Number of protein chains: 2
Amino acid sequence: MSRSNPRVLSTLERAGGFASAQEVYRLMQREGESIGLTTVYRSLQSLVNDKIVDVLRRDDGEAIYRLCGDAHHHHLVCKGCGDTVEIEGGVIEKWAKTMAEEFGFREVGHTAEIFGLCSKC
Amino acid sequence: MSRSNPRVLSTLERAGGFASAQEVYRLMQREGESIGLTTVYRSLQSLVNDKIVDVLRRDDGEAIYRLCGDAHHHHLVCKGCGDTVEIEGGVIEKWAKTMAEEFGFREVGHTAEIFGLCSKC
DNA sequence: ATGGAAATGAAAATCATTTTCATTTGTGAT
DNA sequence: ATCACAAATGAAAATGATTTTCATTTCCAT
């Protein structure tokens with residue numbers, strides 16, 4: 001295992017708490033930091049394991065990492081500018097639990113994201 | 001431009017209306033159909049353009065295509081055997097609509113999947 | 001039949017991500 | 001300070017999905 005390189009987290013924060021691994025890497029390079037792409041990936045993964053960042057997917061499949069709070073939440077993502085709003089999803093939790101019970105599923109998790117165009121786009 | 005190869009659509013239907021390009025391809029091969037991977041990709045893309053299928057992303061970033069339109073539904077997927085159950089998600093539709101309105105989003109879509117271990121696994 | 005447009009697919013290219021592995025760095029014991 | 005070993009690092013290769021290229025084949029309309 002490896003611990004996260006603190007500069008990666010700090011860069012992700014500076015990026016607005018929302019960026020892909022490649023973007024974090026490029027940003028660090030531009031700022032003259034000496035780091036390898038591999039380390040960026042490893043650090044981000046480790047941050048995901050520690051639940052310090054959240055990972056979701058762009059439309060093109062690229063993984064984007066974002067700082068998240070402790071509470072489990074869902075996202076409303078703008079397809080235009082990438083702006084993200086954290087939203088409440090109590091309804092979803094209940095729905096997932098009900099459905100899982102109905103079909104005898106255990107150890108269930110779920111994903112639920114809403115995407116569209118925000119008022120600015 | 002290219003039109004969709006009808007066998008691709010019919011295979012996607014047979015797959016439960018839910019599969020990745022690679023899966024559609026493998027399925028067609030197993031059934032003895034002679035088709036190239038390129039054509040599968042092209043056909044799926046064309047179906048997406050024509051809004052006959054919808055594309056979303058697995059956790060690993062692989063694109064999955066699903067028939068969309070009349071019966072919009074969600075999935076309960078087993079992490080063990082991959083078995084999938086189509087489930088009803090009226091609650092989700094309402095949730096998505098409400099949230100989108102609240103934050104002024106237009107042209108919204110959503111994804112919601114539940115995953116866990118089925119009774120057999 | 002003939003010409004051209006559309007469809008096809010094998011192979012190469014692309015791109016994000018992961019793996020491998022040799023090297024460097026950090027740390028604790030002596 | 002020195003030795004030993006674990007953890008961290010990063011360059012390069014491997015992987016895997018997807019896209020592009022391009023030569024060939026299939027389809028029509030004339």
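Every heavy atom of this structure was used, including side-chain atoms; hydrogens, water molecules and symmetry mates were not. Numbered from 1 within each chain, the chains take letters A, B, ... in sequence-line order. All of these numbers come straight from a predicted model, not from anything done at the bench.
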For the pair made of CD1 in I64(B) and C1' in dG16(D), what is the distance, rounded to whole Å? 17 Å
Rounded to whole angstroms, how far apart are CG on D60(B) and C1' on dA16(C)? 12 Å
Show your reasoning for whether ring-ring contact (aromatic ring centres under 6.0 Å, His included) applies to W95(A) and H74(B). CA-CA 11 Å; W95(A) 172 72; H74(B) 296 273; 5.7 Å; yes
Among side-chain atoms of Y65(A) and Q45(A), is any donor-acceptor pair under 3.5 angstrom? no
So, OP1 or OP2 of dT17(C): does either fall under 4.0 Å of a side-chain N or O from Y41(A)? yes
Rounding to an integer number of Å, can you tell me how far R57(B) CZ sits from dG16(D) P? 18 Å
Nearest heavy-atom neighbours spanning V40(A) and M28(A): CG2-SD, 4.4 Å
Base, sugar-phosphate, or nothing: which does Q45(B) touch, judged by heavy atoms less than 4.0 Å apart? sugar-phosphate
Is a salt bridge present between E33(A) and R7(A), judged by a nitrogen-to-oxygen distance below 4.0 Å? yes
What does the B/S/- profile of nucleotides 8-15 of chain C look like, 5' to 3', with a 4.0 Å heavy-atom cutoff to protein? BBBB----
If we ignore angles and hydrogens, is there a donor and acceptor under 3.5 Å between the side chains of S10(B) and R14(B)? yes
Please determine whether a side-chain nitrogen of the Lys or Arg among R106(A) and E101(A) lies less than 4.0 Å from a carboxylate oxygen of the Asp or Glu. no
What is the distance, to the nearest angstrom, from the CG atom on D59(B) to the P atom on dA16(C)? 20 Å
Check the distance between dT15(D)'s P and Q22(B)'s CD and give it to me in whole angstrom. 15 Å
